[in-house]
2 protein chains.
Amino acid sequence: MTTVGPTGDDLVEMLAALANPLRMRIVARLADRRDYVSHLAREIGVSRPLLHMHLRKLEAAGLIVGNLELSEDGKAMKYYEVTDFSLHLTASALAEAAKTLTPEKGPGAEEHS
Amino acid sequence: MTTVGPTGDDLVEMLAALANPLRMRIVARLADRRDYVSHLAREIGVSRPLLHMHLRKLEAAGLIVGNLELSEDGKAMKYYEVTDFSLHLTASALAEAAKTLTPEKGPGAEEHS
DNA sequence: GCCATCCGTAAAGAAAATCTTACACCTGAT
DNA sequence: ATCAGGTGTAAGATTTTCTTTACGGATGGC
């Protein structure tokens, strides 16, 4: 059985994206229905710049996707929606992912010539 | 179907604990076999105080547990091992968890008497 | 006594994440 | 022209997380 899943680094990024109350709420809202930035900001009660930042992080992790659309009255609106992610986290799954983590930036242990 | 799972806040804590390369490696090691602090620190190549801090975070999240034991030669050694956690992360699972998140510390929206 | 192993923590510095405020741009309606 | 609504981003203050360095205490063997 080789489910492959995301690399260790990608997994860390996804987990980091979800490990925040505000972002968890954002995902929850978008899971119910897609929405555009300004409206979502009002719904959740956050400033637009702040929401923008969190959306970027969620999108970078591949948990949501946004695309710019034009409303009938010509306004440019960016709609976000969740992707079909599904992560099963167990100790062994983590062990598997850990194998593909970028090696830590050590103090440059000298490689002999 | 009511799988209940952890509360939103607990889930955030667990995800935050796992969303770190070093801690992911720690869990990976402990998933293979339990170990005590000093040895684990040498294996992973980290200072003991640093490892200690990460272990605390993982334990606080309920992902690992440690207990102090006495080796034959009388040394006190703290052994850590992983717990049987299992988290299934999907958009709807997140939406469910988000319902039990602690309300944000708002600027104290006045409660009318 | 002195050294080696184990345990822990406190204090201070470096780095990263979070949040606010302010700005700039575009479109349609008044 | 001005306003209302949408978009985005940049700079700075604040907070949290990560990391190092320096301590302290306990045990057993030389």
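All chains are named by letter (A, B, ...) in the order of the sequence lines, taking the proteins before the strands, and each is independently numbered beginning at 1.
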Earlier contact from the 5' end, DNA chain D, for K75(A) and R56(A): K75(A)
Sugar-phosphate only, base, or nothing, as touched by V37(A) at under 4.0 Å among non-hydrogen atoms: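 Since only primed, P, OP1 and OP2 atoms lie under 4.0 Å of V37(A), the category is sugar-phosphate.
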Touch class at under 4.0 angstrom, heavy-atom based, for H54(B) against every strand present: sugar-phosphate
Of the listed nucleotides ([options]), which one gets closest to any side-chain atom of [X]?
X      : options                  : value
S47(A) : dT21(C), dC7(C), dG6(D)  : dT21(C)
K57(B) : dT19(D), dT17(D), dG6(D) : dT17(D)
L22(A) : dC19(C), dC7(C), dT19(D) : dC19(C)
P49(B) : dT20(D), dA22(C), dT7(D) : dT20(D)

For a quick test of reading the model: is some side-chain N or O of [X] closer than 4.0 Å to OP1 or OP2 of [N]?
X      : N       : value
Y36(B) : dC7(C)  : no
H52(A) : dT7(D)  : no
R42(A) : dG6(D)  : yes
N20(A) : dT18(C) : yes
R23(A) : dT18(C) : yes

Residues R34(A), E69(A): salt bridge by 4.0 Å N-O rule: yes
R23(A) side chain to A16(A) backbone, donor-acceptor under 3.5 Å: yes
Heavy-atom pair of closest approach, residues G8(A) and L101(A):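 Answer, listing the atom of G8(A) first, then L101(A): C-CD2, 3.5 Å.
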